[in-house]
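Below, chain A is the first sequence line, B the second, and so on; all start at residue 1.
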Amino acid sequence: MIDYRDELVGRRLREISYILLVGGGKGGVGKSLVAAVTSLQLARSGHKTGLLDLDLHGPSSLAILGVSDAPAETSDGIVPPRVEGVSVMSIDLLVRGRPLPLSGSAKEEVVKEVVALTAFGPLDYLVVDLPPGTGDELLSAARYLRGRRGALIVTTASPLSLSASRRSIEILRGLGIEVLGVVENMAAAGARSDVEGAAGEMGARFLGQIPYDEELEGLVGKAGAGRLLSTRFSGALRQALLRAGIPV
Amino acid sequence: MLDVGMLRELLGELSRDSLLSGASISVEVERAVIRCDSCGAEISFGEAVEGLKDEEKESIHFVPELISSFARCRRCGAPDLRVVAGRGVKIVDVVVQGGE
């Protein structure tokens, strides 16, 4: 059996220089915000950047970046809307806020279809917002998003989040994906990081702390994507990205 | 929905002056079936999308699995719908005869 989408997926990926997967084991640790602001920083630094939201059950990239434009349908596929220079693709562009119940094999089909359909065009970076856990979306992303790639792990200092991150790192490495490092999000002001030691135990590089930023809640989806770049969150994230070798 | 006539015509054009020149190309249409994993009912794709808005059908056209977001089972009302047949276009088999 030959699936015509395989050729299309390969053609799309040949136009992408680097794929940055943003993951972590737990929900609610700020992966989507890290992915979205990383995309904005890459675009601001002059890189052609795309953001692919693969959190099929809880997509939030459109809300974070305030995207309201519909994607354009062209003969080459779906051209995602752009915000602050970032081309943003999310399943939410197609389901428009409705819930999406999907079982395992269907998730793989959706991931493959979205990768095949989306005409990002040439990109320096495709940032991929992964859902929590080590399920179908992660496995499908690893299977279909091949090329030069690496993963950024986002966690809080919570032992539950660290435990889930440890599992994610193990699976990512098993899938042949380089782990660029671990970022601690929502860090308490002035707190010494337990994440640094935990990252060392996982054999991963500790990239730094991002302090809890109260300002963010009031800004997300309300003040325009560009405003996110001037937050403390963005400043601390930039330092972490630079430590990971991401040129922002 | 795939235009089978157009597909046959394009395959004919593409195969001309190629390795496939003179090949017999068989196109079979598989009926799309949607299954509700909650109650086991199986319905046709047409029945499943009946009554949906054009833009909803358009989304399903792009990614058929999105049917579970827009439609409900006609029998039990659950959204636990899955495409079990008739999805996409696939090359099922290639038979080479008398090749060197």
### Query
Where does B:Glu58 contact chain A at under 4.5 Å (heavy atoms): side chain, backbone, both or neither?
side chain
Rounded to the nearest 0.5 Å, how far apart are [atom1] of [X] and [atom2] of [Y]?
X: B:Phe62; Y: A:Leu117; atom1: CZ; atom2: CG; value: 6.5 Å
X: B:Ile67; Y: A:Leu102; atom1: CD1; atom2: CG; value: 12.0 Å
X: B:Phe70; Y: A:Leu100; atom1: CZ; atom2: CG; value: 8.5 Å
X: B:Leu66; Y: A:Glu109; atom1: CG; atom2: CD; value: 11.5 Å

### Query
With only heavy atoms counted, which part of A:Ile91 is less than 4.5 Å from chain B, the side chain, the backbone, both or neither?
side chain
### Task
Go through the atoms of A:Pro101 and report whether side chain, backbone, both or neither lie under 4.5 Å from a heavy atom of chain B.
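The answer is both parts of A:Pro101.
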### Query
Just by distance, do the side chain of B:Ser59 and the backbone of A:Val95 share a donor-acceptor pair under 3.5 Å?
no
### Query
Any salt bridge between B:Glu65 and A:Lys112, counting N to O under 4.0 Å?
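Looking at B:Glu65 and A:Lys112, the cut-off is not met.
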### Message
Within a 6.0 Å radius of atom CD on A:Glu170, are there more than 12 heavy atoms belonging to other residues, nucleotides or ligands?
### Response
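No, not enclosed.
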### Task
Tabulate, in ascending numerical order, the residues of residues 36-57 of chain A having at least one heavy atom closer than 4.5 Å to a heavy atom of chain B, or enter 'none'.
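Heavy-atom contacts from residues 36-57 of chain A to chain B are absent.
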#### Entry: Side chain proximity check, A:Asp3 to B:Val89, heavy atoms < 4.5 angstrom
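Not in contact.
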### Query
Taking the side chain as C-beta and beyond, is there a heavy-atom pair between A:Glu73 and B:His61 under 4.5 Å?
no
### Task
Taking all non-hydrogen atoms of both residues into account, name the closest pair between B:Pro64 and A:Glu113 and its distance.
CD-OE1, 4.4 Å
#### Entry: Exercise: identify the closest heavy-atom pair between B:Ser69 and A:Pro99
OG-O, 2.8 Å
